[in-house]
Amino acid sequence: MAKPKIACVVGTRPDAIKSAPVVLELQRFDSDFETVLVSTGQHREMLDQALSAFGLAADHELAIMQHGQSLAEITTKALGGLDRLFADIAPDYVVAQGDTTSTFCASLAAFYRRIPFGHVEAGLRTPRIDNPFPEEFNRRATGMIATHHFPPTAWAAENLRREGVPEDRILVTGNTGIDAVLQMAERHPEGWFADRPERVVLLTTHRRDNWGEPQRQIALAARELADRHEDTLLVVAMHRNPQVRETLRGVLEGHPRTMLIEPPEYERFVKLMQRSTLILTDSGGVQEEAPAFGVPVLVLRETTERPEGVEAGAAKLVGTDYTAIVTEGTRLLSDPAAHRAMSQVSSPYGDGRASARIRHVIGRALGVETPEAPPWT
Ligand code: UD1
Ligand code: UDP
């Protein structure tokens, strides 16, 4: 009898990083499943870089990325491409993570072809459908049609229950991003920036909600922090989006203690996070990973669908206001007790075994019994 075929769909850097542990876990059971890795190619270099950190490459690549394309163009190309591919390869199950447009399209293409869909990192919510834009819509729409929901935390599971998702469709797993970051930290023990004497302040920003003036305020505030604290080095890992780069370069290029760097491959980025004294970010994944290493995070957004880190005291939601970023950043860079209070909080996002839990549920849905990991609470 043919093995059940599972298609894992990725499109962007975070999709690759958070899906890689699931793909590797399914591949461990290759006598039970056929695992196919599908990329929409919403991202190009950043996606390949992230997959290759795990020794993975897509089996099917739709190559939809074009500079400056609209959200509707991403959606129509990804949806049409995935539909044709699913018709061709006939997967028994489709799985994808999070809130990107590639993930939303994977869920919809699976739904239209009546293929069961597993949503990894399900149930995160903000109160506003348009913030983060368009991710909150992507995530909620995917949640409406998913067969199985894999919320990373109890809070995310509760959001799903409130929306009427039946209990037997929900399993709290922890975040697969924590599986990924722990695997990387273990596999590549060498340091990065180890030879620099300065304290590192790491900045990443790419959110559409922050394009333009908010991002300029973020860059100005980060520059002010570097000016005020002469023992710090501001390292800016620039997203490949040309619009984001233009804003960051406009404010920070030429600053003596700022390094504007190309997005480091995942294993090096993990080392950079571990080496940092403070992280400023509007990234979803980075705000989850930093607490795993005890590095305080200032979240550069008005809302977050990841309140656990803020509630636990590992992260602070500061938005994009110049004064708020400078005030909080200065406090953490000059008051060791304030820094310690945030860095000693343990990670609320996972224990590194999320993918094993997901593999067990998918297997069972396909009539294959594989070992069960202990629950994550
Ligand atoms: C997308 C996701 C967002 C996620 C982010 C992770 C959607 C709608 N948005 O952001 O949820 O947080 O990815 O990074 O799904 N580019 C390259 N090379 C790359 C990647 C991007 O040149 O490898 C450039 C291209 O010009 C591309 C642009 O960046 O058009 C933006 O890519 P896009 O997929 O639209 O990114 P975001 O929507 O910003
Ligand atoms: N990341 C990386 N290199 C970078 C910046 C981020 O490998 O230069 C990793 C980061 O550790 C996290 C993921 O990319 O796992 C987050 O991606 P991004 O911030 O683009 O997306 P988001 O999480 O906001 O959707």
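Whatever order the structure lists ligands and atoms in, that order sets their numbers, starting from 1. By convention here, the first residue in the shown sequence is residue 1.
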Would you say ligand 2 has an N or O under 3.5 Å from any N or O of Gly285?
yes
May I ask you to check whether Glu45 has an N/O atom sitting below 3.5 Å from an N/O atom of ligand 1?
yes
Does any N/O atom on Gln69 come nearer than 3.5 Å to any N/O atom on ligand 1?
no
Below a 4.0 angstrom heavy-atom separation, can you tell me which part of Pro264, side chain or backbone, both or neither, approaches ligand 2?
both
So which of Glu289, Glu267, His239 gets nearest to atom 11 (O) of ligand 2, if we judge by its closest heavy atom?
Glu289
Just to check, does Met46 reach to within less than 4.0 Å of ligand 2 when the distance is taken from its heavy atoms?
no
For Phe29, is the NZ or CZ atom of Arg359 found under 6.0 angstrom from the centre of its six-membered ring and inside 45 degrees of the ring axis?
yes
Just which atoms of ligand 1 are under 4.0 Å from any heavy atom in Glu135?
2 (C), 3 (C), 9 (N), 11 (O)
Counting from 1, what ligand 1 atoms have a heavy atom of Pro134 closer than 4.0 Å?
8 (C)
Taking distance alone, with N or O pairs closer than 3.5 Å, would you say Ser283 contacts ligand 2?
yes
Considering distance alone, does some N or O of Lys18 sit under 3.5 Å from an N or O of ligand 2?
no
Looking at ligand 1, does any of its N/O atoms fall within less than 3.5 Å of an N/O of Thr12?
no
Report, in ascending order of atom number, the atoms of ligand 2 lying under 4.0 Å from any heavy atom of Ile17.
9 (C), 13 (C), 14 (O), 15 (O)
Suppose I only count heavy atoms of Gln66 and a 4.0 Å limit; which atoms of ligand 1 are within that range?
30 (O)
Short version for Pro242: what comes under 4.0 Å of ligand 1, heavy atoms counted, is side chain
Ligand-side contact atoms (ligand 1) for residue partner Ile74, heavy atom cut-off under 4.0 Å:
35 (O)
Atom indices of ligand 1, in the order listed, that fall short of 4.0 Å to a heavy atom of Leu71
8 (C)
Could you tell me whether ligand 2 has any atom less than 4.0 Å away from a heavy atom of Met273?
yes
Proximal atoms of ligand 1 relative to His67 (non-hydrogen, under 4.0 Å):
22 (O), 25 (C), 26 (O), 30 (O)
Is a donor from one side chain sitting under 3.5 angstrom from an acceptor on the other, for Asn138 and Asp99?
no
Salt-bridge present (Asp83, Arg113; N to O < 4.0 Å):
yes
Drop me the distance from Glu213's CD to Leu220's CG, to the nearest 0.5 angstrom.
7.5 Å
Looking only at the side chains, is there a donor atom on one of His255 and Asp227 sitting less than 3.5 Å from an acceptor on the other?
yes
Under 3.5 Å, N or O to N or O, is Arg207 touching ligand 2 that way?
yes
If we number the atoms of ligand 2 from 1 as shown, the ones under 4.0 Å from a heavy atom of Pro263 are 8 (O)
Could you tell me whether Met46 and ligand 1 have an N or O pair separated by under 3.5 Å?
yes
Heavy atoms only, cut-off 4.0 Å: how does Ser102 contact ligand 1, side chain, backbone, both, or neither?
neither
Quick one: pull up NZ in Lys18 and CD in Glu121 and give me the separation to the nearest 0.5 Å.
3.5 Å
Examine Arg44 against ligand 1 and note whether any of their N/O atoms are separated by less than 3.5 Å.
yes
Is it the case that the side chains of Arg128 and Thr303 hold a donor-acceptor pair, with the cut-off being a distance below 3.5 Å and no angle test?
no
With backbone taken as N, CA, C and O and side chain as the heavy atoms from C-beta onward, which portion of Ala237 lies under 4.0 Å from ligand 2: side chain, backbone, both, or neither?
side chain
Taking both backbone and side-chain atoms of Thr100, is any N or O found less than 3.5 Å from an N or O belonging to ligand 1?
no
In this structure, CG of Leu56 is separated from SG of Cys8 (nearest 0.5 Å) by 9.5 Å
Going by the angle between their ring planes, with limits at 30° and 60°, are Tyr93 and His148 parallel, tilted or perpendicular?
parallel
What do you reckon, is CZ of Arg84 surrounded by more than 12 foreign heavy atoms closer than 6.0 Å?
no
Trp211 to ligand 1: N or O pair under 3.5 Å?
no
Between ligand 2 and Gly284, is the shortest N or O to N or O distance under 3.5 Å?
yes
Identify, by atom number and element, the atoms of ligand 2 in contact range of His206, meaning under 4.0 Å from any of its heavy atoms.
18 (P), 19 (O), 20 (O), 21 (O), 22 (P), 24 (O)
Are the charged groups of Glu305 and Arg125 less than 4.0 angstrom apart, N to O?
no
Is the contact between Phe269 and ligand 2 made by the side chain, the backbone, both, or neither, using heavy atoms and a 4.0 Å cut-off?
side chain
Backbone or side chain, does any N or O of Asp99 fall under 3.5 Å from an N or O of ligand 2?
no
Hey, which of Leu298, Val299, Leu332 is the one that makes side-chain contact (heavy atoms from CB on, under 4.5 Å) with Lys316?
Leu298
